[in-house]
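Input: a single structure, listed below in structure tokens.
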There are 2 protein chains.
Amino acid sequence: MARITVPQGTQPIPVQGTQVVRRVAALLRMIGRKPGGMSLPGLVRETELTRPTVHRLLASLAAEGLVDHDAASGNWILGPEVFLLGSVAAARFSFDELARPGLRRLAEETGESAFYSIVRGRETVCVLREEGTFPVRSFVLHEGVRFPVGVASAGMVILAFLPKEEREEILADWDEHAGSFGAGHTLEIVRKGLAETALRGYSVNPGLVLEGSWGMGAAVFDRDGRPVGAVSMTGIEPRFRAERQPFLGKLLLEEAHRITAKLQG
Amino acid sequence: MARITVPQGTQPIPVQGTQVVRRVAALLRMIGRKPGGMSLPGLVRETELTRPTVHRLLASLAAEGLVDHDAASGNWILGPEVFLLGSVAAARFSFDELARPGLRRLAEETGESAFYSIVRGRETVCVLREEGTFPVRSFVLHEGVRFPVGVASAGMVILAFLPKEEREEILADWDEHAGSFGAGHTLEIVRKGLAETALRGYSVNPGLVLEGSWGMGAAVFDRDGRPVGAVSMTGIEPRFRAERQPFLGKLLLEEAHRITAKLQG
DNA sequence: CCGCTTGGTCCACTTAGTGGACAATGCCCG
DNA sequence: CGGGCATTGTCCACTAAGTGGACCAAGCGG
């Protein structure tokens with residue numbers, strides 16, 4: 001009997017299981033990353049599965065309505081069943097209600113785009129976006145985008161406020177954890193960023209994901225004081241210069257606190 | 001190699017495949033039916049799988065965040081990943097934008113609760129609900145609820161306007177198709193209802209799902225003239241008496257036409 | 001025209017998944 | 001308070017379900 005390892009647990013807990021479930025979940029997550037979906041070869045590349053296997057799984061998923069095959073682009077995209085299940089699940093996870101007003105205020109007051117991301121296992125996932133008015137905008141971050149915890153401003157502030165043990169565990173094999181983001185986010189840079197973040201309360205990402213695309217983030221905590229999400233803003237470097245950072249940081253912290261209060265109340 | 005048959009196609013098309021995918025999809029749909037989730041025995045009963053199998057699949061799904069195990073009730077509910085994937089998929093399926101305003105108008109003008117359901121394979125799925133002001137309300141229908149096509153007012157009006165071939169195919173093995181709803185929805189009753197629906201344009205469900213819980217529906221069509229959804233209202237019998245039906249029907253048809261226009265435009 | 005990428009299918013091999021059986025816990029009722 | 005019953009959880013021998021190497025076809029660019 002095979003044992004699969006769970007991605008999110010503190011330790012990889014062996015779970016009796018269904019290889020297929022893990023693979024299917026991975027495929028759906030991959031496809032959900034980009035609104036335009038993913039091509040078969042793309043999925044094969046990123047999942048390290050063989051092409052026939054991916055193809056077969058996708059065909060089955062399509063038969064269930066969980067994915068669609070966009071005839072035009074040839075891409076695989078999330079299907080109607082995912083939407084339906086999601087809208088049922090949404091009753092339990094009403095982030096919109098929770099964070100939308102805050103993001104709107106941030107976007108209005110600053111002109112930058114504002115985001116709310118949540119923690120899922122060892123990743124952050126962007127769930128809400130509110131476009132700013134400033135005419136130059138970054139499209140690195142949008143709903144559905146996932147980063148390893150510690151990457152980008154939201155991930156950075158979350159990692160900074162995670163219990164020391166967990167943080168060190170993640171940093172222990174940082175390169176593997178960070179994957180392709182390791183290039184910009186070297187262990188050294190991240191450690192320095194974490195220290196500064198812990199001090200100020202908010203994080204600053206000086207274009208580590210994409211050069212010129214800056215970001216700042218503040219964490220949202222649950223009742224146990226555990227970071228479960230983050231408010232963040234992104235924009236171009238000139239809008240995130242040192243002199244403006246305290247202003248943006250203050251706003252971010254205010255909104256993060258407000259959301260934290262709502263969440264805990 | 002096993003061949004699985006696809007539930008929605010006109011004919012059961014053999015698909016090479018993944019038994020597990022079908023089972024997992026079935027489980028997720030089942031769990032998504034009720035906001036409070038489902039117990040393991042309940043799932044076992046309705047899926048005709050063995051308990052160990054259901055349990056193992058659920059455990060794997062939980063490890064992926066696709067389901068959660070509610071410690072209090074012991075029920076399995078849809079997990080955060082489903083919400084996340086759903087919110088990405090929502091970009092492609094914006095029924096809220098499409099139908100919400102119409103439902104709101106209906107609820108306000110009539111006092112009854114209004115719903116929007118869509119067709120998925122051979123089922124209708126309720127995706128939107130707008131509560132009416134009338135103090136006695138039925139809770140038979142809510143977001144996520146699925147009925148076989150032909151059952152309840154939405155299903156009835158959809159079946160009525162499906163191409164004759166498909167309609168007859170469904171009616172051919174009605175009892176199997178209708179399952180537990182066959183009790184109220186006998187072939188005879190349904191055929192009569194379909195005829196009347198085709199004539200008037202809107203359907204009337206005189207408490208076939210649950211005695212005293214009436215409903216009326218009007219269909220929404222895509223560019224090819226195929227019914228893809230339905231607007232419906234539910235309430236208690238006294239609110240759906242013969243003399244009020246033309247009034248309600250007219251409103252339903254108006255809103256259904258409006259949605260159809262939006263959809264096609 | 002040929003190399004290269006992509007989509008799709010086949011089928012022998014074997015591993016992953018299955019489910020009967022067992023154990024434990026909790027609850028109701030006589 | 002003990003026996004019946006429903007529920008959750010785990011084990012492991014068996015085998016059918018899933019895998020993936022191999023193959024074919026189509027499309028694209030040089």
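Letters A, B, ... are given to chains in the order of the sequence lines, protein chains preceding strands, and every chain is numbered from 1.
Residue B:L61 contributes atom CG, which lies 12 Å from atom P of C:dG17 at whole-angstrom precision. Rounded to an integer number of Å, the gap from B:H55 NE2 to D:dG9 C1' is 5 Å. Straight-line distance from the CZ atom of A:R45 to the P atom of C:dT5: 10 Å, rounded to whole Å. Regarding B:L27, its CG atom lies at a distance of 10 Å from the P atom of C:dT18, rounded to whole Å. When rounded to the nearest whole Å, the span between CG of A:L49 and P of D:dG21 equals 11 Å. One atom, CG of B:D70, and another, P of D:dT8, lie 12 Å apart when rounded to the nearest Å. For B:R22 and C:dT18, the CZ to P distance is 11 Å, given to the nearest whole Å. The CG atom of A:L40 sits 5 Å away from the P atom of C:dG7 (whole-angstrom rounding).
Proximity note for B:T53 (side chain, C-beta onward) versus C:dG19, C:dG8, D:dG21: the nearest is C:dG19. The side chain of A:H69 lies closest to C:dG8, out of C:dG8, D:dG9, D:dG20. The side chain of A:Q19 has D:dT19 as its nearest neighbour among C:dT18, D:dG21, D:dT19. Side-chain proximity of A:R56 to C:dG19, C:dA21, D:dG20: nearest is D:dG20. In this structure, the nucleotide among D:dT7, D:dG21, C:dG20 sitting nearest to the side chain of A:P52 is D:dG21.
Side chains of B:R129 and B:F115 form a contact here, defined as non-hydrogen atoms less than 4.5 Å apart.
Mapped onto DNA chain C by nearest heavy atom, B:R23 and A:W76 fall at different nucleotides, with A:W76 at the one closer to the 5' end. Each of B:L57 and B:R51 lies near DNA chain C, and the nucleotide nearest B:L57 is the one positioned closer to the 5' end.
In the displayed structure, A:E168 atom CD is contacted under 6.0 Å by more than 12 heavy atoms of other residues, nucleotides or ligands. Open room surrounds CD on A:E48; 12 or fewer heavy atoms of other groups in view lie less than 6.0 Å from it.
B:P41 comes within 4.0 angstrom of sugar-phosphate atoms only, judged by non-hydrogen atoms across all strands, and of no base.
For the residue pair A:S117 / A:T124, no side-chain donor-acceptor distance below 3.5 Å is found, with atom types taken as modelled.
Using bins of under 30°, 30° to 60° and over 60° for the plane-to-plane angle, the ring pair B:F181/B:F147 lands in the perpendicular bin.
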